[in-house]
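All chains are named by letter (A, B, ...) in the order of the sequence lines, taking the proteins before the strands, and each is independently numbered beginning at 1. Computed from a prediction, not measured in an experiment: that's the story for all the values here.
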Amino acid sequence: MASDEQQVKNSTATAVFDSDAANSLVKDLRSTFLAGKTKSHEWRLSQLKSLLKMLDENDKQICDALFSDLGKHEMEAYIHEIAMIRNSCKLALKELKDWMKPEKAKTNLGTFPSSAEIVPEPFGVVLVISAWNYPLLLSVDPVIGAIAAGNAVVLKPSELAPAMSSLLAKLLGKYLDNSAIKVVEGAVPETTALLEQKWDKIFYTGNGRVARVVMAAAAKNLTPVVLELGGKSPVLVDSNIDLAVTAKRIVAGKWGCNNGQACVGPDYIITTKQYAPVLIDAFKHNVKKFFGDDPMNSPDISRVGHENHFARLKKMLDDDKISGKIILGGQTDKNNRKIAPTIVLDAPEDSLIMSDEIFGPLLPIVTVEKIEDGIEFIRSRPKPLAAYLFTNNKQLKKNFVNNVSAGGVVINDVTLHLMVDTLPFGGVGESGMGAYHGKFSFDAFSHKKAVLYRGFYGDAPARYPPYTPGKLRLLKAILDGSLFGIIRTLFGFS
Amino acid sequence: MATIVDGFEGELKELREVFNSGKTREASWRRSQLQGILSLFKERESDIMEALNQDLGKHNVEAYRDEIGIVIKSANYALGNLKKWMSSKRAKLPLASFPSSAKLVPEPLGVVLIISSWNFPFGLSFEPTIGAIAAGNAVILKPSELAPTCSSVLANTIRDYLDNSAIKVVEGGHHVGEYLLRHKFDKIFFTGGARVGEIVMTAAAKFLTPVTLELGGKCPALVDFISSSWDKKIAIKRIIWGKYGVCGGQACIGIDYILTQKKFAPTLVELLQKYIKKSFGDNPMYSHSMTRIINKKHFTRLKGLLEEPGVKSSIVYGGKSDEENLFIEPTILVDPPLDSSIMTEEIFGPLLPIITVERIEDSVEFIRARPKPLAIYGFTSNEKLQKKMISETSSGSITFNDSIVQYAVDTLPFGGVGGSGFGRYHGKYSFENFSHQKAVMMRGYLIDFGFRYPPWNNKKLQLLKSGLRYDYITLVFVKLGLKGKA
């Protein structure tokens, strides 16, 4: 076991995690799985309890890693990562017994007498590939689902959050059952080696480009996938709102969530030409209130995740097409990878900031004539992971919910739906496929097997050869489900 | 040279426009199309039966039992449940998010592609189509070219009975399939073999299109020692039916092979022979009660399975074939070599290997060691054995003491796992397969927890910790400054 740990840790050193290593890893995990170890209720509970212990005993190290990787404030670390994982664990611990129970299914006259149920079972050995922006949450949350469902798991944390990656390898190695749960650190070569193996399910969080690679690799083994991606999550803001609360929520949701680097963070605002100035003032006011006079250097704002990312955002800011349109912020600090909360008004549709997912502290505001035009604007673009609307207008709410397709929709707030574990969290179209959170995590990692019990009574001779016209009549009656029809046919009428 | 289907891109564009117009989302439209399917099957029953007879030699009773009757049942089921399926479902919310409400709103995915198979050309085309329509999508259906008469009847009847602006049929072979796959769809539903399944999923990956793959596998039937003669008779009839009586063994959930105790095998073989004669007469080819093999390629493949070393000598019944009529008679083999093709590939034909084991429980290990099939069958009343099978094997489904009928149960999800595919349908699962369950949360403006907002400080952290633990009393105290720590 020590040598495994060593191998996993030194991915950048001498021991290379190549295809053979990956193959051997999957083989080991498969043996563990086939031996039945991960299927027992006790095992799953023990792992979830250990996870909870792991979080409670190491919360300081976790916060430190998040600060080191992302400059994330302890408060954000707690709200958006630690607390959410703890709740996930606790929910699974509480509900697991119920989730594992077979679900009865009613049977009808066609198979009478019979009884049926749907039995959840684990897929086997699953791969979880996580992202860098919420490196604890997006690694451990799917792993909780995988464990709850009884699978063996390999977690590949993002190398772009190296402190957390290394901490996860250490902690999961220490607290969880290494014969069934493993962490593989690394970048493209290691991920490629992993993707070459045959998995029973792959759960990927990240961007559309890599998702295509993951799905194509999965196709070789007909492996089902969950892809949690992103997109440009729009916020449509009406004038009929509570301005103070609206502005607070949007500003906190944009810059208070990893400084815009969240898959469900507000990407851009749409509002009417008339209302825009009012809204912009309110935004400016709140930015100052939350982050002070020098927001870029506020300790309450996260850094930009990594260099490439910083360069990408800088490119958006330097785009000629938006020159003169920056009405707040725009300052950057390359050495510290900081970018100030920035607002851009009426960037042209073909500007960089309006074509790609921003994933950063730049907030474009698009103005329209009528607020309803905003809905059309959203509909003409790829389906985002989340879509937000601020309004008191009932008709507008209805219009928005009925006509905007997105992973999730929130009215009069942003990002909150993530915290509700009775709602499935996932995308549609370009923003992904599959969902998780709460019981949906358990479902994502389970195969629901149909079980039908029949006895030897109640046989319908009509179904067997040799075939006769009489049998055809009887079958019609049976499949019609009408008892009367069946009796009539059996007795020779019709 | 790459195939281009004339006018297809224009048709696809039209479908998208129609979908975007909202037409297919109306409950009335969905109902009208489902009614249209019912009318289609009721009024054109004889055309359908004739086409199935032409392409597969399928008897009218089989045609009705396995396809026509099933589709009618499913369309009626969808009509009866449509309102319920289309309605939003409330989701419970934790106190910390009060006041707010949340619900799940089902919505169609858009324009979906359904690729169907040749063995149940009507059933496997319409069953997913019913789900796609019920969920409010526009549909492109590509039936299998290996059942050409059926494909043509499908195209004609759909044109006559359904809304052509939203539901289209594209006929053709694998070149046409490949061409279609170069376009973006909002979902692809594929029924067929693993090799093409992989091609479909790889093509879908380019567009991040979600897919359902309904594949096959070797569906084993574990046959336990049965003492009662009544039970034996019924079991045998159901086994024969599950192997030879449903499309001549060419069914994804047909019984592929049998596992039974060495001691019971002779009895089993004897009973099988007796009832095969009873079901198909002395000359099965002329009984018109067994479907023929779909084409020369499959015929040759099946014949080839029998000619491998060690396999031929294991035939205990049947084995004769007629190439001109593409007919292979019901055949039984006992213990062919486990590494022969007949025991490693999906048979999809009327050849029944019986593998004998010492103890019946050994069958479970045998099944576990092999790829996960679409269905597993257990002919046994032994509850312990049933439980063992359920917990120690994995498959799309398990059915005890019968075969194939699980297909007709609307409340059971139908789909594979592992090599037999992923995704599921039938009943409400068909609706869900073609829907996106959109999470919708509505918040009010009152009661906002100040600790949500920066700037961050220790007090807010304490408040937050209490709030997230739903510990409101502490929350209030801390807020009022009466308590320093949560």
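The contact between Thr393(B) and chain A is made by backbone and side chain atoms together, counting heavy-atom distances below 4.5 Å. Proximity to chain A (any heavy atom under 4.5 Å) is shown, for Ser394(B), by both the backbone and the side chain. Heavy atoms of Phe207(B) lying under 4.5 Å from chain A belong exclusively to its backbone. The part of Phe422(B) that comes within reach of chain A is its side chain, from C-beta onward, which places non-hydrogen atoms under 4.5 angstrom from that chain. Proximity to chain B is limited to the side chain of Glu121(A), based on heavy atoms less than 4.5 angstrom apart. Within the 4.5 angstrom heavy-atom criterion, only side-chain atoms of Tyr429(B), from C-beta onward, approach chain A. Residue Lys201(A) does not touch chain B at all, counting heavy-atom pairs closer than 4.5 Å. Heavy atoms closer than 4.5 Å to chain A are found in the backbone of Lys206(B), but not in its side chain. Contact annotation for Ile301(A): neither backbone nor side-chain heavy atoms come within less than 4.5 Å of a heavy atom of chain B. For a residue to count as touching a neighbouring chain, one of its non-hydrogen atoms must lie under 4.5 Å from one of that chain's; by this rule Ala235(B) touches chain A with backbone and side chain alike. Within the 4.5 angstrom heavy-atom criterion, no atom of Ala63(B) approaches chain A. The part of Thr468(A) that comes within reach of chain B is its backbone (N, CA, C, O), which places non-hydrogen atoms under 4.5 angstrom from that chain. Heavy atoms closer than 4.5 Å to chain A are found nowhere in Ala203(B), neither backbone nor side chain. Within the 4.5 angstrom heavy-atom criterion, only side-chain atoms of Ser381(B), from C-beta onward, approach chain A. The parts of Leu208(B) that come within reach of chain A are both its backbone and its side chain, each placing non-hydrogen atoms under 4.5 angstrom from that chain. Residue Ile240(B) does not touch chain A at all, counting heavy-atom pairs closer than 4.5 Å. Residue contact with chain A, scored on non-hydrogen atoms closer than 4.5 Å, involves the backbone and the side chain of Val405(B) alike. For Glu198(B), the parts sitting under 4.5 Å from any heavy atom of chain A are the backbone and the side chain alike. Proximity to chain B (any heavy atom under 4.5 Å) is restricted, for Thr223(A), to the backbone atoms N, CA, C and O. Residue Tyr467(A) touches chain B through both its backbone and its side chain, counting heavy-atom pairs closer than 4.5 Å. Both the backbone and the side chain of Phe123(A) come within contact range of chain B, each with at least one heavy atom under 4.5 Å from a heavy atom of that chain. Of the atoms belonging to Val404(A), it is backbone heavy atoms, and not side-chain ones, that fall under 4.5 Å from chain B.
The number of heavy atoms from other shown groups lying within 6.0 Å of NZ (Lys89(B)) is above 12.
Heavy-atom pairs under 4.5 Å with chain A were tallied for Ser228(B), Ala205(B), Gly110(B); the largest tally goes to Ala205(B). With respect to chain B, the highest number of heavy-atom pairs below 4.5 Å among Lys220(A), Glu76(A), Lys448(A) belongs to Lys220(A). Among Lys184(B), Lys237(B), Lys73(B), Lys103(B), the residue making the largest number of heavy-atom pairs under 4.5 Å with chain A is Lys237(B). Taking Asp231(B), Val200(B), Val409(B), Ile226(B) one by one and counting their heavy-atom pairs under 4.5 Å with chain A, the maximum is reached by Asp231(B). Each of Ala216(A), Ser405(A), Ala211(A), Gly36(A) has some count of heavy-atom pairs under 4.5 Å with chain B, and the biggest count is that of Ser405(A). The candidate from Lys372(B), Lys92(B), Arg238(B), Met290(B) with the greatest count of non-hydrogen atom pairs under 4.5 Å with chain A is Arg238(B). Ranked by heavy-atom pairs under 4.5 Å with chain A, the list Val61(B), Ile376(B), Asn20(B) is led by Val61(B). Most heavy-atom pairs under 4.5 Å with chain B: of the set Gly407(A), Gly426(A), Gly429(A), this distinction falls to Gly407(A). In terms of heavy-atom pairs under 4.5 angstrom with chain B, the leader among Ala218(A), Pro469(A), Ala219(A) is Ala219(A). Note on Ser395(B), Gly421(B), Ala408(B): by heavy-atom pairs under 4.5 Å with chain A, the leading option is Ser395(B). The candidate with the highest count of non-hydrogen atom pairs below 4.5 Å against chain B, out of Ala244(A), Gly427(A), Pro224(A), Gly408(A), is Pro224(A).
Note that CZ of Phe456(A) and NZ of Lys233(B) are 13.0 Å apart. Values are rounded to the nearest 0.5 Å. Here Phe400(B) contributes atom CZ and Ser114(A) contributes atom OG; the two are 13.5 Å apart, rounded to the nearest 0.5 Å. The structure places CD1 of Ile404(B) at 8.5 Å from CZ of Arg463(A), a figure rounded to the nearest 0.5 Å. Interatomic distance, OG1 of Thr209(B) versus CE of Met215(A), reported as 7.0 Å (0.5 Å rounding). In this structure, CG in Leu416(A) is found 7.0 Å from OG in Ser100(B), a value given to the nearest 0.5 Å. Note that CD of Glu392(B) and NZ of Lys39(A) are 8.0 Å apart. Values are rounded to the nearest 0.5 Å.
Below 30°, between 30° and 60°, or above 60°: for Tyr464(A) and Trp241(B) the angle between ring planes is above 60°, a perpendicular geometry.
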| field | salt bridge (Lys or Arg N to Asp or Glu O under 4.0 Å) assessment of Lys476(A) paired with Glu45(B) | value | CA-CA 12 Å; Lys476(A) 285 192 175 182; Glu45(B) 182 184 292; 3.0 Å; yes
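Lys449(A) places no side-chain N or O within 3.5 Å of a backbone atom of Val417(B) that could act as its donor or acceptor partner. Thr422(A) places no side-chain N or O within 3.5 Å of a backbone atom of Ala91(B) that could act as its donor or acceptor partner. Asn401(B) places no side-chain N or O within donor-acceptor distance of the main-chain N or O of Gly455(A), the cut-off being under 3.5 Å. At distances below 3.5 Å, at least one donor-acceptor pair connects side-chain atoms of Thr411(B) with backbone N or O atoms of Lys106(A). Arg25(B) places a side-chain N or O within donor-acceptor distance of the main-chain N or O of Asn402(A), the cut-off being under 3.5 Å. A donor-acceptor contact shorter than 3.5 Å is absent between the side chain of Lys397(A) and the backbone of Met442(B).
Contact record, Pro466(A) with Ser289(B): CA-OG, 3.7 Å, taken as the closest heavy-atom pair. Residue Leu34(A) comes nearest to Arg368(B) through the heavy atom pair O-NH2, 2.7 Å, listed as atom of the first residue, atom of the second, then distance. Between Ala439(B) and Pro424(A), the closest heavy-atom pair is CB-O, 3.8 Å. The two residues Leu222(A) and Gly197(B) have their closest heavy-atom pair at CD2-C, 4.0 Å. Counting all heavy atoms, side chain and backbone alike, His436(B) lies closest to Ala406(A) at NE2-O, 2.9 Å. Residues Val225(A) and Met201(B) approach most closely at CG1-CE, 4.5 Å, considering heavy atoms.
Using a 4.5 Å heavy-atom threshold, the side chains of His447(A) and Arg424(B) count as separate. Between Lys438(B) and Val409(A), the closest side-chain pair of non-hydrogen atoms falls below 4.5 Å.
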